[in-house]
Amino acid sequence: MSATRVEIEEIESTKSEKFLAVVLAAFLLVGGIWFYAKSDDWIRDAVGTPQPTAAEQSAFDALDAAHRRHDRAIDQTIDAQSDLELAREAYRTALDAGRPAVALEREYVQAQERFRAAERDEVATRTAVTEVQPAADRAGRAYGERQEQAQDRRAWIAAIARFLFIGLWLALAFRLLGALRRRDSRYLPIGFAVIGAGTLLALLFASDYVTDYLDPLDLGPLLLSLVGAALTLVAFVALQRYLAQRIPLRRVRKAECPFCGFPVRGDGAFCEGCGREVVAACATCGRPRRVGTARCAACGAA
């Protein structure tokens, strides 16, 4: 039997079936989004975070120790300056009052010495920080580059994993839809629900990576778009072939023209609607046979 061009798909679903299909698609989408979000955490744990090398950690520790010494030196300088000001005021007060101030003078001189020593220590610790800073900066840049590379690697792995997940989802969804069609199943809305949820996940993937990345990763949504469109076109072609095989049979059962659906009256050999031949000789036995039937009524040949 030759392929026949058909106009519409004659598959009816109740409102309850359509509603349940929408509900199913929503719950499938919730699970798909959960997997989509958690996959990034799983990949981060699997790939791990790079740690500083021994040399880098040594440079970081040296800079941290130098900063701590410098901070302590600043605190000591502040304390020494405060002690110096108190000693100076006490010594000056005693001199102004004409009282003996030998001990106060000695304390004042000692406070001056402590203050100068604190200032020298502060300068020395600042110099030590300056000396170890370049090595720490180099170590920080090297460590930062490794962290950035690891982050890019995690991003690529996550993008590929999500892409494969959505691609597999859509492939299995289209396969399920095809199987349900071949069986004339009343569960056909389930296939549409699975495809709908997968399509929304694909849109989420595209919006996520198009807005977050401007590097070659943006080819992922484009590739997903091409694959999804290709699968949809394949499904559309398969649907047309399916309809070309099934709808003529349904029309013949309803005493209609297999080509246009116009009612066939009497024993006429041609359709009154489109003028095409609706009765032709069987290729096996040569007796008249309705065009579009699965088997010949005279000999039973397909």
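Nothing here was measured: the structure is a model prediction, and the numbers come from that model.
- Criterion: ILVMFWY side-chain heavy atoms under 4.5 Å apart, direct or through other members. Under it, Phe174 and Tyr187 are part of a common hydrophobic cluster.
- The shortest distance between side-chain heavy atoms of Ile33 and Leu201 falls below 4.5 Å.
- Each of Val22 and Phe19 belongs to its own hydrophobic cluster when Ile, Leu, Val, Met, Phe, Trp and Tyr are linked at side-chain heavy-atom distances under 4.5 angstrom.
- With rounding to the nearest 0.5 angstrom, the CG atom of Leu95 is 7.5 Å from the CD atom of Glu105.
- With hydrophobic clusters built from ILVMFWY side chains whose heavy atoms lie under 4.5 angstrom apart, Phe35 shares a cluster with Leu164.
- The CD1 atom of Ile43 sits 12.5 Å away from the NZ atom of Lys38 when rounded to the nearest 0.5 Å.
- Residue Ala59 comes nearest to Ala135 through the heavy atom pair CB-O, 3.9 Å, listed as atom of the first residue, atom of the second, then distance.
- Between Gly198 and Leu170, the shortest heavy-atom contact is C-CD2, 3.6 Å.
- Ser39 has its side chain within reach of Arg162: a pair of non-hydrogen atoms, C-beta onward, lies under 4.5 Å apart.
- Considering SG of Cys260 and CZ of Arg276, their distance stands at 9.0 Å, rounded to 0.5 Å.
- In this structure, the side chains of Leu176 and Leu172 stay at 4.5 Å or more apart for every pair of heavy atoms.
- Thr77 and Glu119 share no donor-acceptor pair across their side chains, judged by distance under 3.5 Å alone.
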Step by step, work out the salt bridge (Lys or Arg N to Asp or Glu O under 4.0 Å) result for Glu56 and Arg146.
CA-CA 12 Å; Glu56 292 169 348; Arg146 290 206 314 280; 2.8 Å; yes
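- Going from atom CZ of Phe115 over to atom CD1 of Ile78 covers 10.0 Å, rounded to the nearest 0.5 Å.
- Taking every heavy atom of both residues into account, Gly191 and Leu180 meet most closely at N-CD1, 3.8 Å.
- Side-chain atoms of Pro52 and Phe60, non-hydrogen and from C-beta on, do get closer than 4.5 Å to each other.
- Two residues are said to be in side-chain contact when any heavy atoms from C-beta on lie closer than 4.5 Å; Leu28 and Leu24 meet this criterion.
- Placement of Leu168 and Trp34 in two distinct hydrophobic clusters is found when ILVMFWY residues are connected by side-chain heavy-atom separations under 4.5 Å, directly or transitively.
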Trace of the side chain to side chain contact (heavy atoms under 4.5 Å, CB included) decision for Val279 with Val291:
CA-CA 5 Å; Val279 177; Val291 176; 5.9 Å; no
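- Under the 4.5 Å side-chain heavy-atom criterion for Ile, Leu, Val, Met, Phe, Trp and Tyr, Trp42 and Ile166 are members of the same hydrophobic cluster.
- Ring orientation note: the planes of Phe205 and Tyr36 are nearly perpendicular, at an angle over 60° on the 30°/60° scale.
- Judged purely by atom type and a 3.5 angstrom limit, Tyr143 uses its side chain to pair as donor or acceptor with the backbone of Pro50.
- Using a 4.0 Å cut-off between charged side-chain N and carboxylate O, Glu122 and Arg126 make a salt bridge.
- The nearest pair of heavy atoms linking Ala25 to Ala197 is O-CB, 3.7 Å.
- At least one side-chain heavy atom of His67 sits less than 4.5 Å from a side-chain heavy atom of Val129.
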Steps toward side chain to side chain contact (heavy atoms under 4.5 Å, CB included) verdict (Arg69, Asp121)
CA-CA 9 Å; Arg69 288 194 298 270; Asp121 189 46; over 6 Å; no
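- In this structure, the separation between CG on Asp79 and CZ on Arg72 is 13.5 Å, given to the nearest 0.5 Å.
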Would Arg44 and Asp40 satisfy salt bridge (Lys or Arg N to Asp or Glu O under 4.0 Å), going step by step from the backbone distance to the final call?
CA-CA 6 Å; Arg44 184 184 298 109; Asp40 189 54; 2.9 Å; yes
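- Remark: Ile74 CD1 to Thr125 OG1 distance equals 7.0 Å, nearest 0.5 Å.
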Any chance you could lay out the side chain to side chain contact (heavy atoms under 4.5 Å, CB included) test for Glu107 and Gln112, step after step, and finish with the verdict?
CA-CA 9 Å; Glu107 292 179 0; Gln112 283 182 317; over 6 Å; no
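- Nearest approach of Cys257 to Cys274, heavy atoms of both residues: SG-SG, 3.8 Å.
- Residue Gln110 qualifies as enclosed at atom CD: its count of foreign heavy atoms under 6.0 Å is above 12.
- With hydrogens and angles ignored, the 3.5 Å screen pairs a side-chain donor or acceptor of Trp169 with a backbone N or O of Val194.
- The environment of CD in Gln147 is crowded: more than 12 heavy-atom neighbours from other residues, nucleotides or ligands sit within 6.0 Å.
- Distance alone, capped at 3.5 Å, places no donor-acceptor pair between the Arg88 side chain and the Asp83 backbone.
- Across every non-hydrogen atom of Ala173 and Ile195, the tightest pair is CB-CG1, 3.5 Å.
- The closest donor-acceptor contact from the side chain of Ser58 to the backbone of Ala54 lies at 3.5 Å or more, if one exists at all.
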Can you check side chain to side chain contact (heavy atoms under 4.5 Å, CB included) on Leu63 and Gln133, steps first, answer last?
CA-CA 6 Å; Leu63 179 62; Gln133 186 70 53; 3.3 Å; yes
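- Aromatic ring orientation, Tyr91 versus Tyr108: parallel (interplanar angle below 30°, classes split at 30° and 60°).
- The closest side-chain heavy-atom distance from Arg114 to Leu84 is not below 4.5 Å.
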